[in-house]
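Shown next, in structure tokens, is the structure this report addresses.
All chains are named by letter (A, B, ...) in the order of the sequence lines, taking the proteins before the strands, and each is independently numbered beginning at 1.
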Amino acid sequence: MNEIKKEEEKSLNFLEEIVEEDLGAGRYKTILTRFPPEPNGYLHIGHSKSICLNFGLAQKYGGKTNLRFDDTNPVTEDVEYVDSIKADIRWLGFEWANELYASDYFGQLYQFAVKLIEKGLAYVDDSSSEQIAQLKGTPTEPGKDSPYRSRSIAENLQLFADMQAGKYKDGEKVLRAKIDMSAPNMHMRDPILYRIKHAHHHRTGDAWCIYPMYDFAHGQSDSIEHITHSICTLEFVPHRPLYDWFIDKLEIFPSHQYEFARLNLSYTVMSKRKLLQLVNDRHVTGWDDPRMPTIAGLRRRGYTPESIRTFAEKIGVQKRDNLIEVGLLEFCIREHLNRIALRRMVVFDPVKVVLTNYTEDEEILKSENNPEDPETTYREIPFSRELYIEREDFMEVPPKKFFRLSPGQKVRLKSAYIIQCDEVIKDAAGNITELRCSYLPGSKSGGENANIKVQATIHWVSIRHAVTAEVRLYDRLFKVENPASEEGDFKDYINPDSLQVLPAAYAEPALSHAKFDERYQFLRKGYFTLDKDSSEDKMIFNRTVTLRDNWAKEQKKG
RNA sequence: UGCCCGAUAGUAUAAUGGUAGUACGACAGAUUUUGGUUCUGUUUGUCUUGGUUCGAAUCCAGGUCGGGCAACCA
């Protein structure tokens with residue numbers, strides 16, 4: 001009976017449909033995908049969609065995925081990025097079949113170019129970039145042939161060899177495909193195949209002074225590796241005819257390109273160019289600033305690989321432009337952290353509570369590390385006469401639906417006693433400095449008065465036993481949903497309050513053993529993780545995400 | 001004003017000629033020693049106009065709107 005239901009739940013996305021169709025028709029025995037980053041920046045959450053798609057597709061259908069660095073432009077690329085990209089993919093939980101570089105194929109690509117020249121399908125052009133742009137025409141007007149277009153095959157062969165041999169300076173000559181200067185698709189108007197760059201390449205060093213363009217490298221690299229499904233983003237759709245043209249003319253393995261819509265996330269930006277600006281202009285502290293949508297930033301913020309993979313799964317994939325609500329990402333991380341995070345009590349903005357009728361020196365109480373854990377373990381929490389509670393958990397004149405502490409009212413201290421507020425002490429300026437309360441004996445867990453109902457349970461710490469920690473609270477980086485589509489400079493929409501630092505929050509002593517790979521829920525506050533800036537004598541916590549907060553919602557309603 | 005891609009609740013995503021479904025959100029309620037979690041319920045949608053058909057989100061035609069394309073970037 002569940003057969004049909006299950007079938008429905010597992011509806012395929014359009015890429016899975018293509019793969020199943022190809023496999024079913026026997027076009028391939030097994031599939032091979034690839035993730036092809038250019039090592040010129042850090043990976044971001046948008047890349048994780050592509051990573052999950054490429055690796056996920058291969059995993060699902062028993063195939064493999066190559067990691068291939070698209071390193072055809074030596075001036076923008078660097079090994080720093082190669083290393084970070086590999087680390088990020090591994091952290092996300094994927095392993096590639098082969099680590100490859102487009103630069104591995106420079107020799108073969110050169111031979112492909114020679115073959116095209118020999119077939120009369122490529123020529124060396126001496127025009128300047130301005131002249132080439134001039135003759136290219138516009139989307140609505142056809143282009144015109146270059147004066148160098150009709151050079152003989154022999155001359156082209158010689159000139160191209162000279163280009164490769166370093167006889168010319170940057171920009172003096174290019175190699176172009178001879179296709180159709182009046183093609184309605186701009187990419188087919190004799191695209192440039194090779195340009196001269198006397199630049200040091202991070203892998204091939206100074207072996208080459210000519211470098212292939214993206215269009216002449218990507219498809220051929222796919223083909224060399226026998227990639228069956230080359231999945232990329234929508235902006236490459238107009239490149240596909242060219243991708244196919246090269247494969248056809250070169251008579252090489254027919255890889256096929258398929259395109260999907262890139263991920264856009266609300267309240268952030270997703271282009272490397274913009275992210276680089278944020279770093280360079282010091283709007284953030286680096287590529288791994290916890291407010292950045294980079295994988296490194298999300299990791300430092302406390303996101304888990306599982307949550308990002310779940311997110312990629314949930315957003316699905318299609319060819320229409322999209323703007324995903326960041327709320328969905330937050331849902332995914334909360335869902336995971338709720339299951340794994342250790343509960344701890346931390347007071348951010350303290351107000352002192354003195355239990356006037358508490359006569360013991362101290363006592364040790366117990367509290368769950370994680371109530372969601374089927375095998376719940378417990379930690380010890382010291383309790384004493386003087387405590388801190390959150391300032392916002394007390395109101396002298398409470399509004400209607402305020403359930404917390406107020407004069408004459410009772411609340412429960414989590415895993416401890418019920419207390420009642422008897423007296424409010426203020427300084428000369430009228431600020432509340434201390435709350436004099438009485439506790440209800442026998443009201444702690446297991447006690448004879450433990451079942452008395454109170455409206456709220458709040459967190460607390462014993463002042464004498466508290467440890468301090470710096471807490472960094474993050475908010476969205478931008479004030480608007482889609483900064484990239486807004487008028488003017490996207491940086492004008494940066495949220496000035498995206499970081500709030502609390503130099504000293506008061507935590508229960510159990511938190512002093514915090515570990516870098518551990519996740520914590522500060523009760524009623526949110527999920528936190530230790531930041532890499534922490535030292536032996538100073539703990540620094542990043543807020544990954546807040547808890548859902550219906551009380552805040554209620555307050556907003558007025 | 002050329003070529004290409006796209007349009008299903010607020011946001012995503014299914015339904016592949018036959019009951020418009022799911023998730024997130026929102027709203028309401030139950031449970032709760034976290035105003036958390038969990039559970040239950042409610043809410044809102046096929047861009048438009050024609051056509052084909054017994055039947056159209058789906059096929060066809062026109063329109064509208066959104067996006068991409070004129071780097072010696074990828």
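Under the 6.0 Å cut-off for aromatic ring centres, Y214(A) and F236(A) qualify, their centroids lying closer than that. Here the two rings, on Y417(A) and F383(A), have centers that are under 6.0 Å apart.
Atom name C1', nucleotides G25(B) and U11(B): the rounded distance is 8 Å, in whole Å. Taking atom C1' in both A57(B) and G17(B), one finds a spacing of 11 Å when rounded to whole Å. Taking atom P on both nucleotides, U13(B) is separated from G51(B) by 32 Å, rounded to a whole Å. Here, G67(B) and C59(B) have their C1' atoms 25 Å apart, quoted to the whole Å. Rounded to the nearest Å, the gap between the P atom of G21(B) and that of A26(B) is 23 Å. The same atom, C1', is picked in G63(B) and in C27(B); the two are 38 Å apart, to the nearest Å. Distance check on atom C1': U8(B) versus C65(B) gives 16 Å, rounded to whole Å. Spacing between C69(B) and U1(B) at atom C1', rounded to whole Å, works out to 14 Å.
Contact check on D190(A) versus R149(A) returns a salt bridge, with a Lys/Arg side-chain nitrogen under 4.0 Å from an Asp/Glu carboxylate oxygen.
Note on residues 367-381 of chain A: pairs passing salt bridge (charged side-chain N to carboxylate O under 4.0 Å, His left out), not counting sequence neighbours, are E368(A)-K414(A), R379(A)-E508(A).
Counting any heavy atom pair closer than 4.0 Å across all strands shown, P371(A) reaches a base atom. Residue contacts for R240(A): at a heavy-atom cut-off of 4.0 Å it reaches no nucleic acid atom on any strand shown.
Stem regions for RNA chain B, each three or more consecutive Watson-Crick or G-U pairs with both distances under 3.5 Å and listed by first number, read B:2-7 with B:64-69, B:10-13 with B:21-24, B:26-30 with B:38-42, B:47-51 with B:59-63.
Ring geometry for Y42(A) versus W287(A): interplanar angle under 30°, hence parallel rather than tilted (30 to 60°).
Counting non-hydrogen atoms of other residues, nucleotides and ligands closer than 6.0 Å to NZ of K366(A) gives a total of 12 or fewer.
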